[in-house]
Amino acid sequence: MSKEKLTENAIKALENSYSPYSKFKVGAAILMNDGTIIRGANIENASYGLTNCAERSALFSAYSQGYKKDDIIAMAIASTSTPPASPCGACRQVISELMNEDADIIVLNDKNDKYETKVKELLPFAFSKENL
Ligand code: THU
């Protein structure tokens, strides 16, 4: 499964964004080591703080289907903004617990601007279960 296929899926996931308040669509796609791709989109709520970001939607969906961090190869995150919108702090915290630190993160937009990083680069010095 190519990274290109993964980024295409993240762009496709934008279509499922439920964002009537911000009108800002975000799509995410996660590549599993069995070749499966799981998508997520941002899902907003009239009680704004209950909004779920695309990255967390995708990760919670993957875990809900039985996948674990060792099954995840990469996550792509798509928006329509320039430069491409990178994951918020809350998502970085969740990503750092639910994905391996060496897993790939691809951030892109619909104009095909993109950059690639790693989970450990998104949130250095993360709070983790080792701190508890
Ligand atoms: N959003 C995401 O889905 N992911 C992020 O990492 C940043 C923000 C969403 C939340 C909200 O629906 C919209 O973008 C505007 O903040």
Side-chain angles (χ1 to χ4, degrees):
M1 185 65 66
S2 69
K3 292 251 169 87
E4 200 166 320
K5 188 100 182 150
L6 184 64
T7 55
E8 277 169 20
N9 269 268
I11 295 284
K12 197 82 185 143
L14 288 168
E15 292 170 17
N16 296 331
S17 167
Y18 174 74
S19 43
Y21 307 105
S22 72
K23 316 244 189 277
F24 187 76
K25 294 176 192 286
V26 185
I30 305 176
L31 175 62
M32 305 299 160
N33 57 13
D34 67 1
T36 302
I37 290 180
I38 292 179
R39 292 181 189 164
N42 57 327
I43 308 295
E44 297 187 346
N45 193 275
S47 178
Y48 299 162
L50 300 183
T51 292
N52 212 54
C53 292
E55 297 89 325
R56 282 177 287 146
S57 296
L59 269 172
F60 295 160
S61 177
Y63 270 68
S64 298
Q65 290 172 53
Y67 291 104
K68 297 280 184 287
K69 60 162 56 173
D70 287 341
D71 303 319
I72 301 175
I73 294 174
M75 177 192 276
I77 302 142
S79 65
T80 56
S81 61
T82 304
S86 97
C88 76
C91 286
R92 290 174 195 224
Q93 177 64 28
V94 172
I95 287 169
S96 79
E97 178 149 345
L98 300 186
M99 290 175 66
N100 281 320
E101 62 172 16
D102 286 315
D104 296 314
I105 300 283
I106 305 162
V107 181
L108 71 148
N109 65 16
D110 57 344
K111 289 112 201 151
N112 210 32
D113 302 318
K114 64 169 167 271
Y115 60 89
E116 199 166 325
T117 183
K118 296 264 180 202
V119 169
K120 65 184 171 202
E121 285 163 0
L122 270 187
L123 188 61
F125 306 107
F127 180 77
S128 75
K129 62 180 188 298
E130 274 69 48
N131 297 118
L132 296 174

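Residue indices begin at 1 and follow the sequence shown. We use all heavy atoms of the structure for the numbers below, so side chains are in, but hydrogens, waters and symmetry mates are not. Ligands are counted one by one from 1 in listed order, and the atoms in each one are counted from 1 as well.
- Here is the list of ligand 1 atoms found below 4.0 Å of a heavy atom in Ala54: 2 (C), 3 (O).
- When the heavy atoms of Lys23, Lys25, Glu55 are ranked by distance to atom 4 (N) of ligand 1, first place goes to Glu55.
- Those atoms of ligand 1 that come under 4.0 Å of a heavy atom in Glu44, given as number and element, are 11 (C), 12 (O), 13 (C).
- Backbone and side-chain nitrogen or oxygen atoms of Cys88 are examined, and one is located within less than 3.5 angstrom of a nitrogen or oxygen of ligand 1.
- Thr36 and Asp34 form a side-chain donor-acceptor contact under 3.5 Å, judged by distance and modelled atom types alone.
- Not a single donor-acceptor pair under 3.5 Å links the side chain of Tyr67 to the backbone N or O of Leu59.
- A donor-acceptor contact shorter than 3.5 Å links the side chain of Arg92 to the backbone of Pro87.
- Protein heavy atom closest to atom 14 (O) of ligand 1, with residue, atom name and distance, is Phe24 CD2, 3.4 Å.
- Remark: atom 12 (O) of ligand 1 lies closer than 4.0 Å to at least one protein heavy atom.
- Only the side chain of Ser22 comes within 4.0 Å of ligand 1, counting heavy atoms alone; its backbone N, CA, C and O stay farther away.
- A donor-acceptor pair shorter than 3.5 Å can be found between the side chains of Asn42 and Ser17.
- Nearest non-hydrogen protein atom to atom 1 (N) of ligand 1 is Cys53 SG, 3.6 Å.
- With Glu44 contributing its side chain and Tyr21 its backbone, the two residues share a donor-acceptor pair below 3.5 Å.
- Residue-ligand proximity: Pro87 is placed with a non-hydrogen atom under 4.0 Å from ligand 1.
- Geometrically, ligand 1 and Asn42 share a nitrogen or oxygen pair separated by less than 3.5 Å.
- Taking distance alone, with nitrogen or oxygen atoms compared against 3.5 Å, Thr51 stays at or beyond that limit from ligand 1.
- Remark: the backbone N or O of Tyr48 is not paired with any side-chain donor or acceptor of Asn45 at under 3.5 angstrom.
- Of the possible polar contacts, one joining the Lys118 side chain to the Asp102 backbone as a donor-acceptor pair under 3.5 Å is found.
- In this structure a side-chain-to-backbone donor-acceptor pair under 3.5 Å is missing from Asp113 to Pro83.
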